[in-house]
Number of protein chains: 2
Amino acid sequence: MTKDQTVVRPGEAGGQAFERVLRWVDDRILSGELRVGDHLPPERELAKTLGVSRAAVREAVRTFQAQGVVRSAVGAGAAAGTTVTAVPAHALTRLLRLHVALANFPLPDVVEVRISLERLSARLASRHASDDDVDGMRQLLDHMAQPGIEREEFNDADTAFHVAIAASAGNLLAADLTAAMRESMRLPILDRFRRIDGWEHVIDELRHDHEAIYAAITDGQADDAARLVEDHIRRAWQTLGVGAPS
Amino acid sequence: MTKDQTVVRPGEAGGQAFERVLRWVDDRILSGELRVGDHLPPERELAKTLGVSRAAVREAVRTFQAQGVVRSAVGAGAAAGTTVTAVPAHALTRLLRLHVALANFPLPDVVEVRISLERLSARLASRHASDDDVDGMRQLLDHMAQPGIEREEFNDADTAFHVAIAASAGNLLAADLTAAMRESMRLPILDRFRRIDGWEHVIDELRHDHEAIYAAITDGQADDAARLVEDHIRRAWQTLGVGAPS
DNA sequence: AGACGCTTAGTGGTCAGACCACTAGATCGA
DNA sequence: TCGATCTAGTGGTCTGACCACTAAGCGTCT
């Protein structure tokens, strides 16, 4: 029994080594001491400071990386090291996609939440969409309008269209959540696309819906845009979810 | 230049070692091969299988842990090892809280999204809330009704009340997101609570709002509940955001 | 025969120390 | 002056070891 510092000392240590690192960084972010663009101390130094191994520090860094909160880069100079960032979109997408795949979030639930968010996005986009935003949507619509387009290609453009609306909403959280939500449904939707019989009919319906949404947004008709988006998602989901028509 | 296997071989390796582990687990979750309750191989075995070090495996596991997708436990037997789980609430909360603290998601944006989600939650709760759910809300309301309650205690009960509504909605995603959203605003709101002058007046207004929401939910008035929740959040936010009255 | 206690194997948690790949900037040379 | 080279500091990775914990097997004692 030579150990006397491995014993849990609530006042200072507290649980796992890598959690000490988590808390150290957490505290500094929540208190505003660490801001976007700031550097974390080098791993070796942080390990020494907190009295843990470098491996523990790295595990904690991976945690923050998974949350889109830091970015690591090798090399020397200002660009190198571990930097505080704020790119949650990817992290949110990953998280939702995994949990959707685990059937923890049933698709009908996701659809319902998605409707809420996309209603908001469409409403905001009607007011804030810039000319560039509108151009981007137009291009996606034209792309989806190509005759004989493959289902996967259409699905990607469809996803991009909904994401474009969210991105132009001027509300980053709504945009990121909407994008993550639609992205997390990409595979399940594509699966259903592949199984569908009346593909040509379905795709025409989708195109029509999209055009109407586009028109409402460019006209600044927020209420219409919200309603059309909801109808669109519900209709599409019913078509895809229940099964192929006829 | 003796290295010849460290060179990037896109077909098999591909980037960082721990990313290989990420992809391995990702693939198996997205394909449905790994389901909730299943075990990952032991770290040592997985490391050997993928040709990486155990440290790389651990970093990847931390990533999934941060997303609420796996749970690790030491020991022997069926309960030990790394298990696939699905507890995204904590992960979502952490993620949002950090990004809100980094001011990546401005509070007004969060409020707007929160309104959308809580409208949905309130609407669903009006239809699905069980007797137990209602009891829980009632207790929280009674707790908040205590005269002379501390601001922090009130804030916690307030958070819990909104979370309780979300939890009774029967839509896990909406519930988790709503909870994460409100939780991520806990500190900022508490800060504003502390700065407020007309505290007694404010708290009475909040109590009144809550009672009205509670009544609408228990009466099954979905539209009313949604409207009341929106009004409540907007009013509270205006009171807290703009500054103390008079 | 049963209940209790000990041993054991296998798991994640942690650590120390080493080397590699990469990069910006300093240094040195033509 | 400008280019090539060197250097220091960073994250990325690996190895091999030990610790703490837990369930289950095994034994002994009652």
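Residue numbering restarts at 1 for every chain, and letters A, B, ... go by the order of the sequence lines.
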Inset, instruction - Would you tell me if any nitrogen or oxygen in the side chain of B:T82 comes within less than 4.0 Å of OP1 or OP2 on C:dG12? - result: yes
Inset, instruction - Return yes when atom CG of A:D142 has more than 12 non-hydrogen atoms of other residues, nucleotides or ligands closer than 6.0 Å, and no otherwise. - result: yes
Legend entry - Euclidean distance, atom CG of residue B:L40 to atom C1' of C:dG13 [Å, nearest integer]: 17 Å
Inset, instruction - Kindly say whether, by distance alone, the side chain of B:R54 makes a donor-acceptor pair under 3.5 Å with the base of C:dG13? - result: yes
Legend entry - B:V74 side-chain proximity, nearest of D:dG11, C:dT11, C:dA24: C:dT11
Inset, instruction - Determine the contact category for B:R62: base if any of its heavy atoms lies under 4.0 Å from a base atom, sugar-phosphate if only primed atoms, P, OP1 or OP2 are that close, otherwise nothing. - result: sugar-phosphate
Legend entry - Interatomic distance where CZ belongs to A:F18 and P belongs to D:dC19 [whole Å]: 22 Å
Inset, instruction - Between A:S72 and B:A79, name the one whose nearest nucleotide on DNA chain D is closer to the 5' end. - result: A:S72
Legend entry - Spacing of A:E59 atom CD relative to C:dG12 atom P, expressed in whole Å: 12 Å
Inset, instruction - Assess whether atom NE2 of A:H90 is packed by more than 12 heavy atoms of other residues, nucleotides or ligands within 6.0 Å. - result: no
Inset, instruction - Could you check whether A:A56 gets within reach of a base, just the sugar-phosphate, or nothing at all, counting any heavy atom under 4.0 Å? - result: sugar-phosphate
Legend entry - Proximal nucleotide (of C:dG13, D:dC14, C:dC15) relative to the B:V52 side chain: D:dC14
Inset, instruction - Using whole Å, report how far CD of B:E45 lies from C1' of C:dA9. - result: 15 Å
Inset, instruction - Select base, sugar-phosphate, or nothing to describe what A:A78 touches, counting heavy atoms under 4.0 Å on all strands. - result: nothing
Legend entry - Ion pair check, A:D26 and B:R94, cut-off under 4.0 Å: yes
Inset, instruction - Figure out the CG/C1' separation between B:L22 and D:dG12, and round it to whole Å. - result: 14 Å
Legend entry - Non-hydrogen atoms of A:V84 and A:R35 that approach each other most closely: CB-O, 3.5 Å
Inset, instruction - In whole angstrom, give the distance that lies between atom CZ of B:R71 and atom P of C:dG12. - result: 11 Å
Inset, instruction - Measure from the side-chain heavy atoms of A:E43 and tell me the nearest of C:dG13, D:dG11, D:dT13. - result: D:dG11
Legend entry - Least distance between heavy atoms, A:H99 atom then B:P88 atom: NE2-CB, 3.4 Å
Inset, instruction - Mind checking B:G77 for me? I need base, sugar-phosphate or nothing, with any heavy atom below 4.0 Å counting as a touch. - result: sugar-phosphate
Inset, instruction - Please report, rounded to the nearest Å, how far the C1' atom of D:dT13 is from the CD atom of B:E19. - result: 13 Å
Inset, instruction - Would you state whether a donor and an acceptor, one from the side chain of B:R44 and one from the base of C:dG12, lie under 3.5 Å apart? - result: yes
Inset, instruction - Take atom CD of A:Q16 and atom P of C:dG13, then tell me their distance rounded to the nearest Å. - result: 6 Å
Legend entry - Residue B:A17, side-chain atoms from C-beta onward, closest of C:dG12, D:dT13, C:dT14: D:dT13
